[in-house]
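The structure appears right after this line, and notes come after that.
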Number of protein chains: 2
Amino acid sequence: MSEIFKALADPTRRRVLQLLRERPMTAGELAEQFPFSKATMSAHFAVLREADLVASDKRGTSITYSLKLSVLEDGLLAFAETLGIGTSKVRASTIISTEEKG
Amino acid sequence: MSEIFKALADPTRRRVLQLLRERPMTAGELAEQFPFSKATMSAHFAVLREADLVASDKRGTSITYSLKLSVLEDGLLAFAETLGIGTSKVRASTIISTEEKG
DNA sequence: TTTGTGTTTAGCTAAATAACGAAATATGAG
DNA sequence: CTCATATTTCGTTATTTAGCTAAACACAAA
């Protein structure tokens, strides 16, 4: 649980997850989108891997990362439940709207 | 956003939030529940205050902390939306169940 | 096998974090 | 005013983190 929140605490890593939501991408493709060295980005990927938020698929010379959305969902929901939010054990992917915001 | 996740990244602080969900408590009452010094706990409270996750009410000689649940909910939901989870702008407190888990 | 490309690891630095005890601050009681 | 209590702030230490460059590793192609 701590590992998930630590992973999410960095804006670069949140942005990586957001990019991976669109489609799986290689480490290089991801790194291109940020103003940091590939080594630094590699360290960010390692944190996301540790938190089990991404899967890495080594193919040939490059590594493709993809988002493990259910791990993220389940993690956030598990936490929400410890606070009594969403006590009804809903899966996020099936939430339906009951009230519009704003 | 980062501040919220940083606050949640520590298990002691998550537990504080959980305790505050039951009822508001003074700094001292909270600190009693943990094996750390009051100074250490005070630093944790400061992080929670920085993230705006708790309100502090000074009354007499003691300070009562209370959970700002809506800030937490809105923060988590705002993040969820950046990932396309719960795109329908639901407030967590009004979620209704559509599928049981487990 | 050599070369090139993609990625990670190693080694470093600066800044942030979590913990402590001791000191400072604020308030209510006497 | 003085004392006791509640809480925070200060100063220190050890650990972790985010960034860098350079080196190493893995693999595909020539």
Side-chain angles (χ1 to χ4, degrees), chain A residues 1-20 22-68 72 75 79, chain B residues 1-20 22-68 72 75 79:
Chain A
M1 182 84 105
S2 288
E3 282 166 342
I4 290 186
F5 286 123
K6 270 179 202 166
L8 297 181
D10 184 283
T12 297
R13 289 192 290 263
R14 288 198 302 274
R15 180 78 185 125
V16 168
L17 295 179
Q18 214 175 318
L19 289 169
L20 289 181
E22 308 289 332
R23 62 181 175 83
M25 295 175 75
T26 66
E29 281 179 302
L30 285 169
E32 275 176 8
Q33 319 262 349
F34 297 86
F36 305 120
S37 74
K38 300 197 172 195
T40 293
M41 293 307 298
S42 181
H44 281 306
F45 301 151
V47 172
L48 292 171
R49 263 188 271 118
E50 284 277 315
D52 198 32
L53 291 176
V54 298
S56 59
D57 182 25
K58 184 164 209 162
R59 182 171 309 225
T61 173
S62 66
I63 296 180
T64 298
Y65 283 104
S66 52
L67 177 60
K68 293 176 85 166
L72 182 51
F79 170 68
Chain B
M1 180 85 105
S2 289
E3 282 166 342
I4 289 186
F5 285 122
K6 268 178 204 169
L8 298 181
D10 185 283
T12 297
R13 288 191 291 261
R14 288 197 302 274
R15 181 77 186 126
V16 168
L17 295 179
Q18 212 176 321
L19 289 169
L20 289 182
E22 309 289 333
R23 62 182 176 84
M25 295 176 75
T26 67
E29 281 178 302
L30 284 169
E32 274 176 11
Q33 319 262 348
F34 297 86
F36 304 119
S37 73
K38 301 201 172 194
T40 293
M41 293 307 298
S42 180
H44 281 305
F45 302 152
V47 173
L48 292 171
R49 263 187 271 117
E50 286 276 316
D52 198 33
L53 291 177
V54 298
S56 60
D57 182 27
K58 184 163 209 163
R59 183 172 307 225
T61 174
S62 67
I63 296 181
T64 297
Y65 283 105
S66 52
L67 177 60
K68 293 176 85 167
L72 182 50
F79 171 68

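The chains referred to below are lettered A, B, ... by the order of the sequence lines, with proteins before strands, and numbering in each begins at 1. Every heavy atom of this structure was used, including side-chain atoms; hydrogens, water molecules and symmetry mates were not.
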Report summary line: Looking only at heavy atoms, the pair that brings B/Ile63 and B/Ser56 closest together is CG2-CB, 3.9 Å
**Report entry** Which residues share a side-chain contact (heavy atoms from CB on, under 4.5 Å) with B/Arg59, sequence neighbours left out
**Finding:** B/Asp57
Report task. Kindly give the heavy-atom pair with the smallest separation between A/Met1 and A/Gly75, and that separation in Å. Result -> SD-O, 4.1 Å
Query raised in the report: So how far is it from B/Tyr65 OH to B/Lys58 NZ, rounded to the nearest 0.5 Å?
Result: 9.5 Å
Query raised in the report: With B/Thr61, which residues qualify under side-chain contact (heavy atoms from CB on, under 4.5 Å), at least two apart?
Result: none
Report task. Evaluate the side-chain contact (heavy atoms from CB on, under 4.5 Å) criterion for residues B/Val47 and B/Arg13: first the C-alpha distance (whole Å), next the side-chain angles of each, then the deciding distance (0.1 Å), finally the verdict. Result -> CA-CA 9 Å; B/Val47 173; B/Arg13 288 191 291 261; 3.6 Å; yes
Query raised in the report: Atom CD of A/Gln33 and atom CE of A/Met25: how far apart are they, to the nearest 0.5 Å?
Result: 4.5 Å
Query - Check: B/Phe45 and B/Leu30 side chains under 4.5 Å, non-hydrogen atoms - result: yes
Report summary line: Going 5' to 3' through nucleotides 2-8 of chain C and flagging B where a protein heavy-atom sits under 4.0 Å of the base, S where only the sugar-phosphate is that close, and - otherwise, we get ---BSBB
Output one line per pair: protein atom, nucleotide atom from nucleotides 11-15 of chain D, and distance, for all N/O pairs under 3.5 Å.
none

**Report entry** Between P of D/dC27 and CZ of A/Arg59, the distance in whole Å
**Finding:** 14 Å
Report task. Quick one: sort the A/Phe5 and A/Phe79 rings into parallel, tilted or perpendicular, breaks at 30° and 60°. Result -> perpendicular
**Report entry** Between C/dA16 (C1') and B/Glu50 (CD): distance, integer Å
**Finding:** 13 Å
Report task. Pull out every residue in residues 6-19 of chain B that has a heavy atom closer than 4.0 Å to any atom of DNA chain C, ordered by number, or say none. Result -> B/Lys6, B/Asp10, B/Arg13
Requested in this report: Would you kindly give the CG-to-P distance between B/Asp57 and D/dT8, to the nearest whole Å?
Outcome: 13 Å
Requested in this report: Measure across B/Arg49 and B/Ser42 and return the closest heavy-atom pair with its distance rounded to 0.1 Å.
Outcome: NH2-O, 4.2 Å
Report task. Determine whether A/Leu17 and A/Val54 make a side-chain contact, defined as any pair of heavy atoms from C-beta on separated by less than 4.5 Å. Result -> yes
Query - Side chains of B/Arg14 and A/Ser2 in contact at under 4.5 Å (non-hydrogen atoms) - result: yes
Query - Rounded interatomic separation in angstrom, taking NZ from A/Lys58 and P from D/dA28 - result: 10 Å
**Report entry** Terminal axes of the helix from C/dT1-D/dA30 to C/dG30-D/dC1 (five pairs each): angle between them, nearest 10 degrees
**Finding:** 10°
Requested in this report: Could you tell me whether the phosphate oxygens of D/dC20, OP1 or OP2, come under 4.0 Å of any side-chain nitrogen or oxygen in A/Ser37?
Outcome: yes
**Report entry** Student check: side-chain heavy atoms of A/Met41 and A/Thr12 closer than 4.5 Å
**Finding:** yes
Query - Whole-Å distance separating the CE atom of B/Met25 from the C1' atom of D/dT7 - result: 15 Å
Query raised in the report: Does B/His44 place a side-chain N or O at less than 4.0 Å from the phosphate oxygens OP1/OP2 of C/dT17?
Result: no
